[in-house]
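Counting starts at 1 for both ligands and their atoms, in listed order. Side chains are part of it too, since the values below use all heavy atoms of this structure and drop only hydrogens, waters and symmetry mates. Owing to the predicted nature of the structure, the values given are computational and were not obtained by experimental measurement.
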Amino acid sequence: MTSRKASPAKKNITKSVCFFNNKGGVGKTTLVANLAAELGLNHAKKVLVIDADPQCNLTQYVLSDDEFLDTYSSKDPQSIYSVIHPLSTGKGYKTTLPIKTIDEFGFDVIIGDPRLALKEDLLAQDWRDAKAGGIRGLRTTLVFHNLIEQAQSYDYIFFDMGPSLGAINRAILLAVDFFLVPMSIDIFSSWALKNIGEAVKVWEKDLTFGMKNSEDPNEVPDIERKRLLFLGYVTQQHKERREKAGSTRIVEAYDQISKKLPGVVSQHLSYFYPTSLQTHLGEIKHLASLAPKSQTLHQPMINVKAKGSYTVTRKQARDIYTALALRFMENMDILIKEAAKEKR
Ligand SMILES: Nc1ncnc2c1ncn2[C@@H]1O[C@H](COP(=O)(O)OP(=O)(O)OP(=O)(O)O)[C@@H](O)[C@H]1O
Ligand SMILES: [Mg+2]
């Protein structure tokens, strides 16, 4: 397995971002893969994408059919599972990361693994221990901090996650610098914002308590924890468009919820960003059959190599993702500057 060369010259500051919504099917995986591809292919950014969803949809998207079959036919595929598993056998952190380069998408990946679901229990049990200051619990809970520290040659580390507020996702949300919320415009996505806001605040407090009151302060993993920041939300139209034909009520509901969204975001997430931040990063329109085509070809939507009607939607995808990448980088700069001001 190979990995991309480090970015040149200036000191690299790796930024880690998770894409999270505890509502399923809102387009998280599609956004992670295509935004990472835009940043890698068109903005010369070095991106590592981690498939932390046991469904492995991102891995299936980016690997060719042959490579996918080859990889998962082996007894012990090197994946995100291999990063976490050594902890449960008392072997500590894994020191080499199983990174694959995906040329078509312009980024590196740590592939997903259905066996990751088996680690939910371990992380959940060890979370109780971590809150009480137990060293084993803290080590397990901080596994993604360790992973991020080992991948400091990247500009960005992206996490694709499943739609739950379970133990794996908790450990990721506690490890990353930023979270971004892909949303469909429906009432459940508003609930999701509330859930995320409330859960993360409590978890941050619990982990801080556990680390401060550890049974053995010298053994607490030496990790710098930063305050989690909200980078913004991306709205996606694809669900509503599909439902539109059958019901005008859905379109009205869409408009109503859409208008209320900025207020709902600030109500539930203002703790995680400065009030001056423009939190709506952009809207991804329904890109029709370009989405499934890009999945079958294992190519990002901006680069689908197919003729005909795809030429039009591919151009739309390029415009959408160019604008989104710029807003993404802009918000990140603002948040980093604000955080530096707070430190002074
Ligand atoms: N802009 C788009 N245009 C058309 N279809 C889209 C678009 N974005 C996503 N889709 C389709 O919607 C479906 C769900 O997308 P995706 O798998 O990215 O959601 P998800 O939030 O990651 O789901 P899960 O919660 O299961 O992880 C996929 O079949 C995908 O092809
Ligand atoms: Mg997904």
Side-chain angles (χ1 to χ4, degrees), residues 17-38 49-63 68 79-80 105 107 109-114 116-117 120 158-166 168-169 172-173 179-186 188-193 195-196 233-245 254 258 280-304 306 309-325 327-328:
V17 187
C18 74
F19 293 66
F20 182 70
N21 191 321
N22 72 310
K23 177 162 167 48
V26 294
K28 297 181 288 292
T29 301
T30 311
L31 177 64
V32 173
N34 285 282
L35 181 59
E38 169 69 23
V49 178
I50 297 164
D51 186 354
D53 181 355
Q55 297 181 97
C56 305
N57 291 340
L58 183 126
T59 307
Q60 200 158 11
Y61 188 5
V62 304
L63 293 190
F68 189 82
S79 66
I80 186 65
F105 280 78
F107 56 67
V109 71
I110 295 182
I111 62 169
D113 197 315
L116 186 62
E120 278 284 356
F158 284 3
F159 285 85
D160 185 31
M161 300 150 88
S164 87
L165 279 166
I168 294 169
N169 288 351
I172 295 170
L173 278 156
F179 70 110
L180 187 158
V181 181
M183 311 208 21
S184 57
I185 307 286
D186 61 36
F188 292 117
S189 278
S190 305
W191 276 92
L193 293 173
N195 292 348
I196 303 163
Y233 65 99
V234 174
T235 44
Q236 322 238 20
Q237 280 181 4
H238 61 273
K239 264 217 142 130
E240 288 66 28
R241 272 294 289 269
R242 231 183 292 136
E243 287 158 351
K244 223 176 190 174
Y254 178 97
S258 207
H280 190 199
L281 291 169
E283 179 154 79
I284 300 183
K285 62 176 271 179
H286 190 271
L287 288 161
S289 52
L290 185 69
K293 189 74 182 175
S294 92
Q295 283 165 8
T296 34
L297 293 179
H298 308 287
Q299 290 165 351
M301 292 197 277
I302 53 169
N303 265 359
V304 160
S309 59
Y310 297 111
T311 321
V312 177
T313 42
R314 189 178 53 218
K315 164 87 174 64
Q316 290 171 340
R318 284 181 181 164
D319 292 345
I320 289 169
Y321 279 99
T322 305
L324 202 57
R327 288 284 294 111
F328 170 93

Only heavy atoms of [X], strictly under 4.0 Å: list the atoms of ligand 1 that pass.
X      : result
Asp53  : 27 (O)
Ala291 : 4 (C), 5 (N), 6 (C), 31 (O)
Pro163 : 25 (O)
Gly24  : 25 (O)
Gln55  : 24 (P), 26 (O), 27 (O)
Ile284 : 1 (N)

Which is closest to [atom] by heavy-atom distance: [options]?
atom                    : options                        : result
atom 2 (C) of ligand 1  : Thr313, Leu287, Asn21, Leu290  : Leu287
atom 1 (N) of ligand 1  : Lys293, Lys285, Gln236, His286 : Lys285
atom 22 (O) of ligand 1 : Leu31, Thr29, Asp160, Leu58    : Thr29

Output yes when a side-chain donor or acceptor of [X] lies under 3.5 Å from a complementary backbone atom of [Y], and no otherwise.
X      : Y      : answer
Asn34  : Thr30  : yes
Asp160 : Val32  : no
Thr59  : Gly112 : yes
Asn169 : Gly162 : yes
Arg314 : Leu290 : no

- prompt: Applying a strict 4.0 Å limit to heavy atoms, is Met301 in contact with ligand 1?
  reply: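 No, Met301 has no heavy atom closer than 4.0 Å to ligand 1.
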
- request: Look at ligand 1 and say whether Gly25 reaches it with a heavy atom at a distance under 4.0 Å.
  value: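 Yes; Gly25 lies near enough to ligand 1 that a heavy-atom distance drops under 4.0 Å.
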
message: Testing the 3.5 Å rule here: is there a donor-acceptor pair between the side chains of Asn57 and Thr29?
response: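 Checked: Asn57/Thr29 side chains show no N/O donor-acceptor pair below 3.5 Å.
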
message: Is it the case that the side chains of Tyr61 and Ser294 hold a donor-acceptor pair, with the cut-off being a distance below 3.5 Å and no angle test?
response: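 A donor-acceptor contact under 3.5 Å links the two side chains.
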
query: Under 4.5 Å between any side-chain heavy atoms of Gln236 and Leu31, yes or no?
result: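 Answer yes - side chains close enough.
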
Protein N, O or S atoms under 2.8 Å from the Mg ion (ligand 2):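 Those protein atoms number 1 in total.
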
task: Output yes when the distance from some N or O of ligand 1 to some N or O of Asn57 is under 3.5 Å, and no in every other case.
output: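 Min N/O separation from ligand 1 is not below 3.5 Å for Asn57.
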
task: Tell me whether the centres of the aromatic rings in Phe105 and Phe158 are closer together than 6.0 Å.
output: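 So the answer is no for these two rings.
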
query: Who pairs with Asp113 by salt bridge (charged side-chain N to carboxylate O under 4.0 Å, His left out), at least two apart in sequence or on another chain?
result: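 Partners of Asp113 by the salt bridge (charged side-chain N to carboxylate O under 4.0 Å, His left out) criterion, ordered by chain and then number, come out as Arg115.
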
- prompt: Do Lys28 and Asp53 sit within salt-bridge range, that is, some charged N less than 4.0 Å from a carboxylate O?
  reply: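 Salt bridge flag = no for Asp53 with Lys28.
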
field: Residue of the set Val181, Leu165, Ile172 for which side-chain contact (heavy atoms from CB on, under 4.5 Å) holds with Phe20
entry: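 For Phe20, the side-chain contact (heavy atoms from CB on, under 4.5 Å) test succeeds with only one of Val181, Leu165, Ile172, which is Leu165.
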
